[in-house]
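Below is one structure; the comments refer to it alone.
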Amino acid sequence: MIDYEQFVAMVADLASARESRKRVLGQVVAVTESSRIDADVVALRFISGNEDDVPVFYNEQTGAEESIEREEGVFAIAVWAIFNTKSRLVAIERKRPGISTALLERYLQALGRDAGYKQLSIDLNQVTSEEFDKAVRELETVKKVTVAVNQPNLDWSDDSNEIHRYAEESSAASARVELVAPRGEGLSKSKGIVHDILGLARKKISSLKNVIVVGQAYGEAGNKTINLERYARKRQVEIDRGASAFDELDAIKDASIEMIVDDEGATA
């Protein structure tokens, strides 16, 4: 297991340095700013752009468009990510356009491997809102469940359930399971796969990468699909147009810290 505080400090030290620039998933990614909020909380600003893009500027007054040329560098988008090294949670700014979680995972992994963490694998699995549990329990019948999990930490022993047990016995790094109820019937919600995924979803840190539940709600004829990705825990804040990077951080800081605080639910 890595030292989270040491790892985040290593990334923060690369802010604005040439060494932070990586090409990941076809994008140029770098860390440009860092800010220590308190002893356990550090904010990092990431940028992403494509070297091959030639943006077009549209002038609404004249109706004309023009390509914006540049001598070097990329036109990038930027987001803040606020890390709590004690709880092992991170709040990522989401906006449009933004930087995907998958891109940040691969970027941090690349930085870590270059720094000597040779077998490092990073998964930023979402913290699930309570609405997911409510949505699944409100289904009268669960027809199908598809679950994708990734290995947590060094092994699968963090949680005791059948998915983890089979993955550990098989020496798997990830697993995908699909269970379908017999025609005209439903899967059990009090035990088995549905019970296990709801238990994992209640944890702030879990192996769940995604879950798709298909079922029938009370009084409805058609099937309803519940996708875990739509139930990420989040807060909405307003940011002034044209705000500087650190004005933007000030706007999201309090809401972010509230979500990544160290508490009982944050342990895995």
Item to complete: Examine distances only and state if a side-chain atom of Arg113 and a backbone atom of Leu120 form a donor-acceptor pair shorter than 3.5 Å.
Response: yes
Practice prompt. Decide whether Val145 and Leu198 are clustered together by the hydrophobic rule: side chain heavy atoms of Ile, Leu, Val, Met, Phe, Trp, Tyr closer than 4.5 Å, transitively.
Written response: yes
Fill in: Nearest-0.5 Å distance, CG of residue Leu14 to NZ of residue Lys22
8.5 Å
Discussion item. Within the structure provided, determine whether Glu258 and Arg235 are in side-chain contact (heavy-atom separation under 4.5 Å).
Written reply: yes
Worksheet item: Going hydrophobic residue to hydrophobic residue with side-chain gaps under 4.5 angstrom, can you get from Val214 over to Ile193?
Response: no
Discussion item. If you define the side chain from C-beta out and look only at heavy atoms, does anything of Phe46 sit under 4.5 Å from Ser20?
Written reply: no
Worksheet entry | Note, Leu187 side chain near Leu179 side chain (heavy atom, < 4.5 Å) | yes
Practice prompt. Applying side-chain contact (heavy atoms from CB on, under 4.5 Å), run through Asp114 and Met10 and close with a yes or a no.
Written response: CA-CA 11 Å; Asp114 284 352; Met10 179 273 294; over 6 Å; no
Fill in: Rounded distance [0.5 Å steps], CD1 in Ile205 versus OG in Ser87
6.5 Å
Worksheet item: So do Ile226 and Leu139 actually touch side chain to side chain, heavy atoms under 4.5 Å?
Response: yes
Practice prompt. Verify, without hydrogens or angle tests, whether Asn84 (side chain) and Ile260 (backbone) share a donor-acceptor contact under 3.5 angstrom.
Written response: yes
Worksheet item: Is any side-chain heavy atom of Asp3 closer than 4.5 Å to a side-chain heavy atom of Phe7?
Response: no
Item to complete: Among residues two or more places apart or on two chains, list those pairs meeting salt bridge (charged side-chain N to carboxylate O under 4.0 Å, His left out) that have a residue in residues 160-186.
Response: Glu162-Arg165, Arg165-Glu169
Worksheet item: Taking the side chain as C-beta and beyond, is there a heavy-atom pair between Val211 and Leu200 under 4.5 Å?
Response: no
Item to complete: Say whether Ile257 and Ile252 are linked into one hydrophobic cluster, either directly or through other cluster members, by side-chain heavy-atom distances under 4.5 angstrom.
Response: yes
Fill in: More than 12 heavy atoms from other groups under 6.0 Å of CZ on Arg23
yes
Worksheet item: Which pairs pass ring-ring contact (aromatic ring centres under 6.0 Å, His included) with one or both residues in residues 163-182, sequence neighbours excluded?
Response: Trp156-His164
Worksheet entry | Check: Glu93 and Ile239 side chains under 4.5 Å, non-hydrogen atoms | yes
Worksheet item: By salt bridge (charged side-chain N to carboxylate O under 4.0 Å, His left out), which residues pair with Arg233, not counting sequence neighbours?
Response: none
Worksheet item: Would Tyr4 and Leu111 show up in the same hydrophobic cluster when neighbours are defined by side-chain heavy atoms closer than 4.5 Å?
Response: yes
Practice prompt. Report yes if some heavy atom in the side chain of Asp133 is under 4.5 Å from a heavy atom in the side chain of Arg137; otherwise report no.
Written response: yes
Show me the side-chain donor-acceptor pairs of residues 121-131 shorter than 3.5 Å, one per line, residues at least two apart or across chains.
residue : atom : partner : partner atom : Å
Asp123  : OD1  : Asn150  : ND2          : 3.0
Asn125  : OD1  : Lys209  : NZ           : 3.4
Asn125  : ND2  : Ser206  : O            : 3.1
Asn125  : ND2  : Ser207  : O            : 3.3
Asn125  : ND2  : Leu208  : O            : 3.3
Gln126  : NE2  : Leu228  : O            : 2.7
Ser129  : OG   : Glu131  : N            : 3.4
Ser129  : OG   : Tyr231  : O            : 3.3

Practice prompt. Check the pair Ile197, Val213 against side-chain contact (heavy atoms from CB on, under 4.5 Å), reporting the backbone distance first and the verdict last.
Written response: CA-CA 10 Å; Ile197 63 170; Val213 179; 4.1 Å; yes
Discussion item. Quick check against the 3.5 Å criterion: does Trp80 have a side-chain atom that pairs as donor or acceptor with the backbone of Ala91?
Written reply: no
Fill in: Residues which pass salt bridge (charged side-chain N to carboxylate O under 4.0 Å, His left out) with Lys189, listed by chain and number, not counting sequence neighbours
none
Worksheet entry | Atom pair OG1/CD1 of Thr225 and Ile212 - distance to nearest 0.5 Å | 7.5 Å
List, one per line, each side-chain donor-acceptor pair under 3.5 Å for residues 32-41, sequence neighbours excluded.
residue : atom : partner : partner atom : Å
Arg36   : NH1  : Asp38   : O            : 3.2
Arg36   : NH1  : Ala39   : O            : 3.0
Asp38   : OD1  : Asp40   : N            : 2.9
Asp38   : OD1  : Val41   : N            : 2.9

Fill in: Distance in Å, Ile2 CD1 paired with Arg88 CZ, rounded so as to fall on 0.5 Å steps
9.5 Å
Worksheet item: Distance from Gln216 atom CD to Asn223 atom CG, nearest 0.5 Å?
Response: 6.0 Å
Worksheet item: Got a salt bridge between Glu248 and Lys95, using NZ or NE/NH1/NH2 to carboxylate O under 4.0 Å?
Response: yes
